[in-house]
Structures are given as C-alpha cells and as structure tokens.
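This report concerns only the one structure given below.
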Amino acid sequence: MRSAAAKPVGAVTRGTTNPNRLRRQDRWIAHALAPALRRAQAAPVAVDLGYGAAPWTAVELFERLRAVRVDVRMVGIEIEPERVALAQRVARPPALTFRRGGFEVPLDGGERPLLIRAANVLRQYDEDQVADAWARLCARLAPDGLLVEGTCDEIGRRQAWVALGPEGPRTLTLAAHLATLERPSELAERLPKALIHRNVPGERVHALLRDLDRAWAAAAPYADFGVRQRWLATTRSLASSWPLADTPSRHRLGELTLPWSAVAPR
C-alpha cells in the first residue's frame, strides 16, 4: 500500500470545472466501457483524476457508470488537499470517495482501476511530458481497462479525447454540440496536448481537420434538414478517405472516432 506521506506525482492545475461539463465524455465512456463493466467479476473501480476545484465531474461520471453497473465504485483523485476536503461533502463511501493523489493513482491495496479519466489535466503540462504521464496511467489500469485523456471548453460544447488501453493509445474522438458548430476545425482548440501543437501542415491531425471542413462545406445543402443530417453527410463523405472507428449511431450524437494511428504525430 502506498504510504500516506508519499508526495503525489504531478502539479496543481487551475481546477476550472462546471456541472455537466464532461457529459459528452461521460456518455462515450459509458458506451465504450459497458462490456468490460458488465463482465467484471468484482465491483469495478473507476477514477476521475484531477476533477478540479469542485467534484461535479466525479459525481456525474459515477452516476452514468452506475446506470450500467450498479456496484461500480468511483474514486475522485486530486493533488490539492483543499479540493479533496471540499469533495468529502458529497462522498458516498464506499461507492463514491475522494482522496489526495496524482499520476501514481493511489488506490487501496494497489487496486487496478477499470477506468481512469483525466480531463483538462495534461492540457496544463508541456507536450514532452505527455508520454510519461500516459505510461504511468496506463501501467495502473486493469488488463481490460481504459484511460480517457482529453480536453473541452468551459461548458462542454467542444471536446476531444484519446482513449488508451494498457498497451497505449487506441483512438481519438471529437465531439461537439452541433447546433453551435460553425465548422469542424473549431475543435482544434480542444485537441489533447499530444496533438494540439501538431495542427500544422504535414501532420495527420491537420489533414483530418482540413478534410472535415471540406466535407462539412460540401454537405451544406443537408442543413435544410437539420444540423444532424449535415454532420451525418459529413461523416459519410469523410469515411471514403479516413478509417472511422465508430458508427452512424455515434455520429448522430455529434461524435467522430478514428484509430490513433490515423492521427498520431509524425
């Protein structure tokens, strides 16, 4: 068991948070993780790492995962002691708890979580720190666990995240509130730290956003039938040149997922 006196790994972040800010991530996680949640023999453990100045994101993710697996346990982890103390007001032990920690992900008895979600954490680090943080977190996962790391805007209308397994990165997902989306490349501002500085000519993610904008423009006539139909037409067009990793049922929610290999930095 980790010593209580051990110093957490990481640095204090700004901690900006709002209720329902990460609902798009929550929805995707509940869908993607559902098979592993259901087949877990013991009560699965999920971690909301760096939940911020208020514990809303941990509480909301807990509720959404509990709809899939009623005995899921959620641990909110923060490096700032005052944030941990504040979160105790909404704790529901043993199902929903909060503790101090960082990238070492301190859990009782060295438990390996089925999920680690780190939203808007690495955005505040340097790009060359991402690989080490990913490696630390992936090493803490259960064999069929998932790490979800990404960023979003202040009210959750623009989001992007990388999903990783114990072996490393698997997919990139872009998600948007379609009614307020002028063009898909607006999501560039919310790319995860591993990609945000790679949105330049010659990089795959730059080509993706360029092709998304072109397909979006070409699908403009579908706007007469609603923005969702325009997005569906955009993703159908994109699928002719990009290896999409999801289905139209997810596209209808304003999502788009691709294999990491399609967008990884060169």
Side-chain angles (χ1 to χ4, degrees), residues 20-52 55-77 92 94-98 101 103 105-108 110-122 133-152 156 159-176 192 194 244-261:
N20 227 18
R21 184 186 187 190
L22 297 178
R23 61 194 178 279
R24 300 179 196 282
Q25 279 188 31
D26 290 353
R27 181 175 61 194
W28 186 91
I29 288 169
H31 169 77
L33 200 63
L37 283 168
R38 293 183 178 121
R39 66 174 173 258
Q41 294 186 354
V45 179
V47 168
D48 193 17
L49 180 66
Y51 55 81
W56 312 127
T57 62
V59 174
E60 290 162 359
L61 181 56
F62 169 63
E63 295 291 355
R64 287 176 174 121
L65 294 182
R66 194 166 66 159
V68 179
R69 176 74 184 242
V70 69
D71 61 344
V72 69
R73 291 187 289 124
M74 171 63 66
V75 182
I77 295 179
R92 300 178 228 168
L96 174 63
T97 59
F98 299 88
F103 293 128
V105 189
L107 296 177
D108 292 339
E111 282 185 303
R112 296 167 68 113
L114 191 61
L115 170 72
I116 301 174
R117 194 264 297 281
N120 301 304
V121 175
L122 291 182
W134 279 3
R136 280 182 177 272
L137 296 174
C138 287
R140 290 290 292 114
L141 289 172
D144 54 350
L146 195 66
L147 164 64
V148 176
E149 186 273 306
T151 66
C152 70
Q159 302 198 20
W161 59 85
V162 180
L164 306 92
E167 78 287 356
R170 294 176 177 172
T171 60
L172 170 73
T173 298
L174 306 177
L244 306 191
D246 53 1
T247 64
S249 64
R250 304 306 303 177
H251 301 161
R252 291 180 62 83
L253 299 173
E255 296 175 6
L256 180 67
T257 298
L258 300 97
W260 176 251
S261 59

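Since the structure is predicted, the reported quantities are computational estimates derived from the model, not experimental observations.
Counting heavy atoms from C-beta outward, Arg250 and Arg27 have side chains that approach closer than 4.5 Å. By the 4.5 Å heavy-atom criterion applied to side chains, Val75 and Pro113 are not counted as neighbours. Val72 is not listed as a side-chain neighbour of Leu115, based on a closest heavy-atom distance of 4.5 Å or more. Using a 4.5 Å cut-off on side-chain heavy atoms (C-beta onward), Trp260 and Leu164 make no contact.
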Exercise for review: Using the side chain to side chain contact (heavy atoms under 4.5 Å, CB included) rule, take Val121 and Phe103 through it: C-alpha gap first, then chi angles, then the decisive distance, then the call.
Suggested key: CA-CA 10 Å; Val121 175; Phe103 293 128; 4.1 Å; yes
**Study point:** salt bridge (charged side-chain N to carboxylate O under 4.0 Å, His left out) between Glu149 and Arg136, intermediate numbers included
**Key:** CA-CA 13 Å; Glu149 186 273 306; Arg136 280 182 177 272; over 6 Å; no
Can you give me every donor-acceptor pair (side chain of residues 29-36, partner residue at least two apart or in another chain, under 3.5 Å) with its distance?
none

Below 3.5 Å, can you tabulate the donor-acceptor pairs from side chains in residues 40-51 to any protein atom, sequence neighbours excluded?
| from | atom 1 | to | atom 2 | distance (Å) |
| --- | --- | --- | --- | --- |
| Asp48 | OD1 | Arg117 | NE | 2.8 |
| Asp48 | OD2 | Thr57 | OG1 | 2.7 |
| Asp48 | OD2 | Ala58 | N | 3.0 |
| Tyr51 | OH | Arg83 | O | 3.3 |

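Leu146 and Leu141 make their closest contact through O-CD2, 3.5 Å (heavy atoms, listed as atom of the first residue, atom of the second, distance).
Evaluation of the side-chain contact (heavy atoms from CB on, under 4.5 Å) rule for Ser261 yields Pro259 as partners, not counting sequence neighbours. The salt bridge (Lys or Arg N to Asp or Glu O under 4.0 Å) check on Arg252 picks up nothing, with sequence neighbours excluded. Residues forming a side-chain contact (heavy atoms from CB on, under 4.5 Å) with Glu60 (at least two apart in sequence, or on another chain): Pro19, Asn20, Asp26, Trp56, Arg64.
Once rounded to the nearest 0.5 Å, the distance linking CG of Leu174 with CD of Gln159 reads 11.0 Å.
No donor-acceptor distance shorter than 3.5 angstrom exists from the side chain of Gln25 to the backbone of Gly156, with no hydrogens or angles considered. Within the 3.5 Å criterion, the main-chain N or O of Cys152 finds a donor-acceptor partner in the side chain of Asn120.
Among pairs with a residue in residues 137-147, those fulfilling salt bridge (Lys or Arg N to Asp or Glu O under 4.0 Å) read Arg39-Asp144, at least two apart in sequence or across chains.
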